[in-house]
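One structure below.
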Amino acid sequence: MTDPHEIMNPAVPEIPDDLGHAPPALNYDPAGEPVDVIRNAEQLHATTRSVPVERVRLKKVIVTEERTITVQVRREELRLEHETLDPATATPTTVGPSDLELILHEEQITITRTIVPIERVRLTRTQVAGTRDITETLRHETVDISPTSPATDS
């Protein structure tokens with residue numbers, strides 16, 4: 001018994017495929033033993049790798065805005081009140097210049113600014129998983145059996 005892999009079929013020409021590979025050799029055994037052919041196919045494998053995409057910076061800036069508030073302010077005013085006197089009940093005084101000095105007060109606004117915490121901001125990084133469809137053309141080998149006529153001598 002002969003090994004089917006040792007006998008090549010001279011009637012099948014070896015035509016290379018698109019990548020320059022020779023087609024699989026079809027082996028046959030004239031004694032009628034089974035012939036086997038190994039077919040090959042491309043498979044698609046996808047892998048991922050992490051690549052830098054974007055740089056993000058967290059910056060804190062000071063924004064200036066104008067605010068107007070209303071504050072109640074008090075002050076002292078001098079009022080002169082005139083009163084008509086009855087000469088019979090009035091106390092006699094000396095005639096001559098007389099000075100009276102008073103100090104008037106008012107409230108003044110004092111502005112102070114204080115910094116108070118109003119909010120905590122936290123920056124976190126998370127990974128979000130998703131899917132993407134990848135389309136690629138794959139090739140595979142097929143086996144065709146075509147009868148050949150025996151060579152005749154003329």
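All figures in this text were calculated on a predicted structure; none of them were measured in a lab.
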Taking the side chain as everything from C-beta on, heavy atoms only, tell me whether Glu81 gets closer than 4.5 Å to Glu83. no
So, Arg39 and Glu141, do they make that salt bridge, N to O below 4.0 Å? no
Just how far is it from atom CD of Glu76 to atom CD of Glu107, taken to the nearest 0.5 Å? 10.0 Å
Do Ile62 and Val121 belong to the same hydrophobic cluster, where Ile, Leu, Val, Met, Phe, Trp and Tyr are linked whenever their side-chain heavy atoms lie under 4.5 Å apart, directly or via other members? no
Let me know which of Thr135, Thr137, Leu138 forms a side-chain contact (heavy atoms from CB on, under 4.5 Å) with Leu44. Leu138
If the threshold is 4.0 Å, N to carboxylate O, is there a salt bridge linking Arg75 and Glu77? yes
Linking I/L/V/M/F/W/Y whenever their side-chain heavy atoms sit closer than 4.5 Å, directly or via other members, would Ile115 and Ile118 fall into one cluster? no
When rounded to the nearest 0.5 Å, the distance separating CG of Leu104 from CD of Glu106 is 9.5 Å
Please assess Val56 against Glu54 for the test side-chain contact (heavy atoms from CB on, under 4.5 Å), listing each intermediate value before the final yes or no. CA-CA 6 Å; Val56 178; Glu54 183 178 19; 4.2 Å; yes
Is there a path from Val95 to Leu85 through hydrophobic residues (I, L, V, M, F, W, Y) whose side chains come within less than 4.5 Å of each other? no
So with a 6.0 Å cut-off around CG of Asp133, is the heavy-atom count from everything else above 12? no
With a 4.5 Å cut-off on side-chain heavy-atom distances among I, L, V, M, F, W and Y, is there a chain of contacts connecting Leu78 to Leu100? no
dist Arg122:CZ -> Arg120:CZ (nearest 0.5 Å) comes out at 6.0 Å
Rounded distance (nearest 0.5 Å) linking atom CD1 of Ile109 with atom CD of Gln72: 11.0 Å
To the nearest 0.5 Å, how far apart are CZ in Arg132 and OG1 in Thr48? 10.5 Å
